[in-house]
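Notes follow the structure.
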Amino acid sequence: MRVGFQAKNRSCVSYGSSALTEGMEHLRGLILEDGQNGTVQCPHNQCCFGIWNLIEGQLRAQLKGCWISEKEATCDSPTCETQSSEDTFTLSCRCRADLCNDNITHERKRQADSLRSS
Amino acid sequence: MRVGFQAKNRSCVSYGSSALTEGMEHLRGLILEDGQNGTVQCPHNQCCFGIWNLIEGQLRAQLKGCWISEKEATCDSPTCETQSSEDTFTLSCRCRADLCNDNITHERKRQADSLRSS
Amino acid sequence: ANRSTQQQENYCRLRELRIDLVSMGYIIFPEWYHANNCVGPCRSPLSTRIPDYYSHTLFLLRMHEQGFPLQRAPCCVPVKYSQSVILTFTNDQGLKVKRYPDMVAEACGCR
Amino acid sequence: ANRSTQQQENYCRLRELRIDLVSMGYIIFPEWYHANNCVGPCRSPLSTRIPDYYSHTLFLLRMHEQGFPLQRAPCCVPVKYSQSVILTFTNDQGLKVKRYPDMVAEACGCR
């Protein structure tokens, strides 16, 4: 299938940090380097991704950008939700909507939100 | 192991005929072409080979020469004896002594020889 | 024709297989991928059923058919792979992106 | 050390196998050859035991160890072959010499 003029790019929130210690070359053009915050444009079939550390209830972004979505490893979710149900230090998501990787939804956040609204 | 000056060549009786209809290029230098009779020299680790048709008790040579002896398909016998015990039209051998492929020993010949000598 | 189709269906060929990578512990992305796998019996005749033809396999099958016991019968395996990029943790909780070869089975053969 | 040697011995590796070609009917030379074969179990850890490392196989083994049933478990097969020359009859009793690829198993791997 040829990608026509109608095919919009995907916009992802991007954040590059020193956490990525190896293989930067594979993400060239897909994340902004050296701690920059911003937006990157990638082909419309790519996923956005994000990785955060959860330290004392606070999310600290490690890496955000476009993910190399190969045919054999696509993403399905339009929103950024953690896949892991365990109490992990690192949270991550891949999602397929513009700027979907700004923040991540996770269990403890959801619990806190529902407590607040009740 | 380097082959020293002592390593003699192998001499094989050679005969090329029109029976070889395909793949002549693989035996170039290992048989004489176009019905010539003679002797060919090949590296000392090669085997001599011969193929005959047996027509009304008479052997008719089809092809003789050196065989491409690769490490995975060597020959053991110093004399040219048919491997086949069946009553076949075609007889063949591979052997590893100089000029061992001049003639082939086969059941009916051996039977005839033993009758003659008794 | 139906029987022939059924036989082909049951021959060594590529099948879908999704592998979960997050459960490996050190892999962050992708969470899972289509690794696929080669499944099905290997038997004669080889040439008409499979594009990848190996003389070695042909002779193994012949031996087997002639009643000689084989220590290992021909097996349906990937003969072509494609690569994929994986994002993992490093030993010191850093992040690492690497391209791994032979991640996805792309074609099958009897070996 | 002895136990480790024994385990390696029992792992996927190249074994001698002589195949008789004359019995195939149409082959004149060689009468037989050292075709060899790959024999032995495939199990983790892969990397320390075998030079040929496939990410696909690694993940299949992990799945298997985690209790997921595999339609086809990794199999010990040739991953490198060498060629050989064969002299055969043609259909009209002529003679034909041809170089066949993939005749001899030269190295093994788990796929």
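Chain naming here is simple, since letters A, B, ... match the order of the sequence lines and numbering starts at 1 in each.
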Can you tell me which portion of [X] sits under 4.5 Å from chain B's heavy atoms? Options are side chain, backbone, both or neither.
| X | result |
| --- | --- |
| T90(D) | side chain |
| V85(D) | both |
| I19(D) | neither |
| E106(D) | side chain |

### Task
Name the region of L20(B), side chain, backbone, both or neither, that has any atom closer than 4.5 Å to a heavy atom of chain D.
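Both backbone and side chain of L20(B) come within 4.5 Å of chain D.
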### Task
Please confirm whether the backbone N or O of P78(B) pairs with a side-chain atom of R96(B), one donor and one acceptor, at under 3.5 Å?
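Side chain of R96(B) to backbone of P78(B), a donor-acceptor pair under 3.5 Å: no, none is there.
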### Task
Mark yes or no for whether D98(B), through its side chain, and R10(B), through its backbone, hold a donor-acceptor pair below 3.5 Å.
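Not at all, since once roles are kept as given, no pair shorter than 3.5 Å links the two residues.
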Does the SG of [Y] lie under 2.5 Å from the SG of [X]?
| X | Y | answer |
| --- | --- | --- |
| C42(D) | C110(D) | yes |
| C38(D) | C108(D) | yes |
| C100(B) | C95(B) | yes |

### Task
List the steps, then state whether salt bridge (charged side-chain N to carboxylate O under 4.0 Å, His left out) holds for R94(B) with E31(D).
CA-CA 9 Å; R94(B) 291 190 302 146; E31(D) 298 90 347; 2.9 Å; yes
### Query
Quick one: of N53(B), L63(B), I51(B), who has the most non-hydrogen atom pairs under 4.5 Å with chain D?
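Ranked by heavy-atom pairs under 4.5 Å with chain D, first place is I51(B).
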### Query
Who wins among L87(D), L21(D), D92(D), T88(D) for the most heavy-atom pairs under 4.5 Å with chain B?
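Most heavy-atom pairs under 4.5 Å with chain B: L87(D).
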